[in-house]
Amino acid sequence: MATPYVPLLKEELDIVIPTIRNLDFLEMWRPFFQPYHLIIVQDGDPNKTINVPPGFDYELYNRNDINRILGPKASCISFKDSACRCFGYMVSKKKYIYTIDDDCFVAKDPSGKEINALEQHIKNLLCPSTPFFFNTLYDPYREGADFVRGYPFSLREGAPTAVSHGLWLNIPDYDAPTQLVKPLERNSRYVDAVLTIPKGTLFPMCGMNLAFDRELIGPAMYFGLMGDGQPIGRYDDMWAGWCVKVICDHLGLGVKTGLPYIWHSKASNPFVNLKKEYKGIFWQEEIIPFFQSATLPKECTSVQKCYIELSKQVKEKLGPVDPYFNKLADAMVTWIEAWDELNNTSEAASSKEANGVAAK
Amino acid sequence: MSQVVINDSEVDIVIGALHSDLTSFMNEWKPIFSRFHLIIIKDPDLKGDLQIPGGFKADVYTKSDIERVIGSSSSVRFSGYACRYFGFLISKKKYVVCIDDDCVPAKDNSGNLVDAVAQHVLNLQTPATPFFFNTLYDPFRKGADFVRGYPFSLRSGVDCVLSCGLWLNLADLDAPTQALKPGQRNLRYVDAVLTVPARAMMPVSGINIAFNREAVGPALVPALRLAGEGKLRWETVEDIWCGMCVKVICDHLGFGVKSGLPYVWRTERGDAIESLKKEWEGVKLMEDVVPFFQSLRLPQSATTAEGCVVEMAKIVKEQLGKIDPMFSQAAESMEEWVKLWKSVGSG
C-alpha cells in the first residue's frame, strides 16, 4: 500500500544536467530541485562560463576538468554531445541519479497541477518493479491499483527498480525522419500510468527525463561515443538503454516507464538530427538483434562484469558492421576502468576537484 | 476518438448470461450494441427464462441448443462463465467482442460514453508491436508515433488478434485482494492501448475482451475448470488459463496482443470473503501454471491456431497432468475443443 509521504532523499540523490548553453530552465524547477545537489556537465567550449542561477548547490565540470580527472581515460567521454552527461554519473557519490535536459520544463497534469517529476521518479525507484509477469492494471503498488486476478502470489514482491524512465508532453522524442514528416505533432496525451517493461523486452531509453539507482546499475549507464569526431549522434541514451536492459534482465532488476511527464519545449533541427542519426538508423537494424539475442553467463554477477562481457560481444558481433563498434567496445572498457577508479579508491576521490563553487 | 469504420457484418457480440434478467444490462449498452448481431448464451445451470429487452438483433442459445450442437457427452462443459465459448464456436464473424453481463459502458475523462466495441475493433484493425516496446504506447494512435530509437524494420507491426480491455469501479482483482481492500475502486482512466511484448505473460481477464476469430478462434480454449468453480469471477480461472494459451500461441504464430482501452464499468456482485474459500484453489494453481506457460515452446510444425492447441494439449498432459488431475482434464478439453471447432466452428 502506498504511503502518502515521499522521502525527499535529499542526501541520496544527485541531479545531473548536461549543458552547452545556459541553465535558465532551472528557475522553473527551483521549488522542486533546490533541496538537491546538482552536477553540471558543461559540454563544448570550456572557456565559456555557464551561469548557474543563484541558490543551487552544485559542482560543475567542463572539458578541462574531465580531462584532468580522467587523464587518458577521458577519451571515453563524448565531446559536443549531451552524452557527456554520463561523466556526472561517474563522479557522483550518491545512490540515485536524476538526469534532465536543459530544455525540459515543469509540466502540468490534467487537473492543472504542476508535476513534481523528481518526486514521482523517487516513488518509482523506491517501489518494486514487476518484470516477470505483466500486470494489466500497470503499477500494482500505486495507490488505487493492485495485482489483478491471476497474478501469481509468488511474484508479487517484485524486483528492485533500477531505472525510472519518464516521458514528455509537447515536443515528443521522435527521430529525424518522423520529425520531418510530422513537424507539428505534439504529445498532448497524459497517460496516467507507470509500468514495468517486461523481462526480455527492449525499449528506446530517452535520457531527457531519467532516473536510476546508481548503486544497482550505474556502471551500465555509459552513454557511448557520440558527437565530435564520431560517426553518429543521438544514440547515446539508446545505447545505454539497450545495455542497461540486457543487464537488468540478467540481474533480476526492473525498469519502469511512464510517469512522470515533463514539458519538452525545444524541437531540435530535424535536418541536423538526420545527419547525426543517419548511420544509426541503418546500424540499428544490426544492433537490435544483437541486444535481443545477447546472453550473459551466470558468472557475471556484477554490473561491471556484465558490462565488460557485453563489450566483448559488441566487438565480436558488431565490430564487423563498422570499425566504430570496435572503438565503442574499447570505450566501454575504459569507462568501467574509470568508474572503478573513481568509485573504489579514496585517492581518486580527493583529486577530483570541481570547477564550480558550491552555493550556500 | 477513433476514425475506424466498422463493418457491422464483421462483428458478433457474445454475451454469456449468468443472470437471467439482462434488461438493464442490455439497455445500458443499447447505443453501442444495437447495430450489431448479438449471440447470447444462457448458462446451462441458470434456471428460469432470460429477460431480454427488444430492439436488438439477438440470437439466444440455451442448454438444449448447446447439447444439440455438441452432443451431451462432450468433455467440454459450457457452463458458468465458460458458456460464452459456445458463442465463440458458433459465431460466423471475423471479430468477436465479449463483455460480462455485470458491466456497463464506462465514461472517459471528458465524461463521454466509451464505445467499447469500436475501441476493441480499432485495436484489432491496427497493428500490434510485440517485438520492441514503444514508450509512447500505441504508435498508431492519433497524436502518437514510434519514438526515436525504434527500429524501422519493426514499424509495420503484426496483426493484433486479441484486445484485452480494462475495468473501472470494480477491477478484476482476486478474492484475497478484494477481501483485504473491500473499499478499493479503480477510478484511474489510463488513456493508453499498448502491445504486450512477445514472450511476456499476462493474466487475460475474460470480463472485457475481443479477438479475431478467423485468426485465433480455436486458441481461446474453455479448458481449466476448478473443482469448486463458481458463478463469480473470483471463483474461476478459466479465462486466465485461456489467456495464457492464447498469448503463447500468438507469440508462436507472430500475432500481437494489446491491453488497455477500452474500459467498461464493472459492478460484480458477491462477497469476496465468501469466495476466498473457493478462490484458493485457483490461486495455488497459478503457481504451477505460470512457470509452465513462461517456458512453453511450441514446435515449428504448429502453424495454425488449431495445430498449436493440439500441441499445447499434449505438453499440458505430459508436464502438468501429474501435478493435478484438473490439468489432465484441461488437456482433454482442449483436444475436444479443437475437434468441435473443426466440425462446428470452421463452418
Side-chain angles (χ1 to χ4, degrees), chain A residues 1 110 132-138 142 144-155 165 167 172-178 181-182 185-193 195 197-206 234-235 237-238 241-242 257-258 273 277 280-281 284-285 287-288 292, chain B residues 109 130-137 141 143-154 164 166 171-177 181 184-192 194 196-205 233-234 237 239-240 243-244 259-260 279 282-283 286-287 289-291 294:
Chain A
M1 208 101 75
F132 309 116
F133 204 69
F134 185 82
N135 192 46
T136 47
L137 275 187
Y138 313 109
R142 264 188 100 187
D146 213 305
F147 289 98
V148 296
R149 177 176 56 100
Y151 203 105
F153 275 76
S154 59
L155 293 180
H165 177 264
L167 295 175
D173 188 25
Y174 288 162
D175 52 48
T178 310
V181 169
K182 297 176 161 188
E185 185 149 276
R186 298 291 177 263
N187 184 23
S188 52
R189 185 175 291 127
Y190 184 92
V191 177
D192 191 2
L195 61 110
I197 301 179
K199 179 178 174 176
T201 303
L202 293 177
F203 76 113
M205 184 179 85
C206 173
R234 284 170 57 85
Y235 272 88
D237 41 5
M238 297 298 137
W242 298 325
T257 185
N273 289 345
E277 290 173 17
I281 289 174
Q284 219 169 236
E285 300 299 328
I287 297 173
I288 300 297
Q292 279 173 331
Chain B
N109 285 330
F131 306 119
F132 206 78
F133 190 86
N134 192 47
T135 48
L136 279 187
Y137 313 108
R141 260 188 108 184
D145 212 306
F146 291 97
V147 296
R148 174 175 59 98
Y150 202 105
F152 279 79
S153 60
L154 295 180
C164 306
L166 293 173
D172 191 12
L173 307 176
D174 54 47
T177 308
K181 298 175 165 184
Q184 172 129 318
R185 297 292 177 268
N186 184 25
L187 300 175
R188 185 176 289 129
Y189 186 96
V190 178
D191 190 5
L194 60 104
V196 181
R199 291 183 322 275
M201 286 296 119
M202 60 189 282
V204 173
S205 165
R233 275 291 180 197
W234 293 314
V237 285
D239 51 350
I240 310 295
M244 285 202 259
S259 183
E279 171 96 278
V283 163
M286 278 303 122
E287 298 300 329
V289 167
V290 169
Q294 279 175 329

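Because only heavy atoms are used, hydrogens play no part in the values below, and waters and symmetry mates are left out as well, while side chains stay in. In what follows, chains carry the letters A, B, and so on, assigned in the order in which the sequence lines appear, proteins first and then strands, with residues in each chain numbered from 1. Fair warning: this is a prediction, and the values are worked out from it, not measured in the lab.
When side chains are defined from C-beta on, B:Val290 counts as touching B:Met244, because their heavy atoms get closer than 4.5 Å. Looking only at side-chain heavy atoms (C-beta outward), A:Tyr151 and B:Asp174 stay at 4.5 Å or farther from each other. Counting only heavy atoms from C-beta outward, the side chains of B:Asp191 and B:Arg141 approach each other to under 4.5 Å. Using a 4.5 Å heavy-atom threshold, the side chains of B:Leu166 and B:Arg188 count as separate. When side chains are defined from C-beta on, B:Asn186 does not count as touching B:Gln184, because their heavy atoms never get closer than 4.5 Å. Inter-residue side-chain proximity for B:Arg148 and A:Asp237 is flagged as met; some heavy-atom pair is nearer than 4.5 Å. Between A:Tyr235 and A:Ile281 the shortest side-chain heavy-atom distance falls below 4.5 Å. Proximity of B:Cys164 to B:Met202: side-chain heavy atoms (C-beta onward) are separated by under 4.5 Å at one or more points.
Highest contact tally toward chain B, considering only A:Ala145, A:Ser188, A:Gly241, A:Ala176, is held by A:Ala145 [criterion: heavy-atom pairs under 4.5 Å]. Here A:Gly144 is the residue among A:Ala193, A:Gly144, A:Gly200 with the most heavy-atom pairs under 4.5 Å with chain B. Highest contact tally toward chain A, considering only B:Leu136, B:Asp172, B:Val204, B:Ile240, is held by B:Asp172 [criterion: heavy-atom pairs under 4.5 Å]. With chain A as the partner, the residue from B:Ala144, B:Ser205, B:Gly243 showing the most heavy-atom pairs under 4.5 Å is B:Ala144. In terms of heavy-atom pairs under 4.5 angstrom with chain A, the leader among B:Pro197, B:Ala198, B:Ala200 is B:Pro197. Most heavy-atom pairs under 4.5 Å with chain B, from the set A:Leu195, A:Asp173, A:Thr201, A:Thr257: that is A:Asp173.
Interface remark: A:Leu202 contributes backbone and side-chain atoms alike to the contact with chain B (heavy atom separation under 4.5 Å). No part of B:Asn109 comes within reach of chain A, as not one of its non-hydrogen atoms sits under 4.5 angstrom from that chain. In this structure, no portion of A:Asn273 lies under 4.5 Å from any heavy atom of chain B. Contacts between A:Arg234 and chain B at a heavy-atom distance below 4.5 Å involve backbone atoms as well as side-chain atoms. Contacts between B:Thr177 and chain A at a heavy-atom distance below 4.5 Å involve the side chain alone, from C-beta outward. Contact of A:Pro110 with chain B is not made at all, since no heavy-atom distance falls under 4.5 Å. Interface remark: B:Tyr137 contributes side-chain atoms only to the contact with chain A (heavy atom separation under 4.5 Å). With a threshold of 4.5 angstrom between heavy atoms, A:Thr178 approaches chain B through side-chain atoms but not through N, CA, C or O. Interface residue B:Leu194: only side-chain heavy atoms are found under 4.5 Å from chain A. In this structure, chain B has a heavy atom under 4.5 Å from the side chain of A:Lys182, while its backbone stays farther away. In this structure, chain B has no heavy atom under 4.5 Å from any part of A:Ile287. When heavy atoms are compared at a cutoff of 4.5 Å, B:Val147 approaches chain A by way of both its backbone and its side chain. A:Thr136 touches chain B through backbone and side chain together, each having a heavy atom under 4.5 Å away. If you measure heavy-atom distances from A:Phe133 to chain B, the contacts under 4.5 Å come from both the backbone and the side chain. In this structure, chain B has a heavy atom under 4.5 Å from the side chain of A:Pro198, while its backbone stays farther away.
Using cut-offs of 30° and 60° for the angle between ring planes, the A:Phe134 and A:Tyr138 rings count as perpendicular.
The two atoms that bring B:Pro151 and A:Gln284 nearest to each other are CA-NE2, 3.2 Å, heavy atoms only.
Formation of a donor-acceptor pair under 3.5 Å by the B:Gln294 side chain with backbone atoms of B:Met201 is not found in this model. No donor-acceptor pair closer than 3.5 Å links the side chain of A:Glu277 to the backbone N or O of A:Pro177.
Here A:Phe153 contributes atom CZ and B:Met286 contributes atom CE; the two are 11.0 Å apart, rounded to the nearest 0.5 Å.
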